[in-house]
Amino acid sequence: MKMELTPSEKLRLFRMRRGINQTELGSILEVSQMQISRLERGEIIPDNTEQVRIEKILKENIWKVDD
């Protein structure tokens, strides 16, 4: 049985696969590195607009459920 990653785990995995560090992603999104860290720990959840921006940057589906 395959374990499904949480959105925060997917965010970290896909960011790392792209070779982008937290500071760089924060800079692109115009937020702090600490904000990215909190997103990756699942402490905060971005709003829909931020979710779309992050998914476009990483070119990955993170929050949307696959049908």
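Values reported hereafter were calculated over all heavy atoms of this structure, with side chains retained and with hydrogens, waters and symmetry mates removed.
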Short side-chain to backbone donor-acceptor contact, Glu55 and Trp63, under 3.5 Å: yes
Closest heavy-atom pair and its distance - Gly42, Ser8: N-CB, 3.7 Å
Euclidean distance, Ile45 CD1 relative to Leu39 CG, rounded to 0.5 Å: 9.5 Å
Side chain proximity check, Leu29 to Ile36, heavy atoms < 4.5 angstrom: yes
Same apolar cluster (I L V M F W Y, side chains within < 4.5 Å links), Ile54/Met16: no
Approximate separation, where rounding is to 0.5 Å, of Lys10 NZ and Arg17 CZ: 11.0 Å
Nearest-0.5 Å distance, OG of residue Ser37 to CG of residue Leu25: 11.5 Å
Lys/Arg-Asp/Glu bridge criterion (N-O < 4.0 Å) met for Glu40, Arg15: yes
Nearest-0.5 Å distance, OG of residue Ser27 to CD of residue Gln22: 13.5 Å
Approximate separation, where rounding is to 0.5 Å, of Arg18 CZ and Leu58 CG: 7.0 Å
Joint hydrophobic cluster, Ile44 plus Val31, side-chain heavy atoms closer than 4.5 Å: yes
Glu9/Arg12 salt bridge by N-O under 4.0 Å criterion: no
Non-hydrogen atoms of Gln51 and Pro46 that approach each other most closely: NE2-O, 2.9 Å
Glu43 atom CD, over 12 foreign heavy atoms within 6.0 Å: yes
Leu5 side, atom CG; Leu11 side, atom CG - distance, nearest 0.5 Å: 11.5 Å
Arg53 and Thr49: CA distance, side-chain angles, deciding distance, side-chain hydrogen bond (donor to acceptor under 3.5 Å, both in side chains) verdict: CA-CA 6 Å; Arg53 287 183 66 209; Thr49 303; over 6 Å; no
Distance-minimising heavy-atom pair for Ile62 and Phe14: CG1-CD1, 3.7 Å
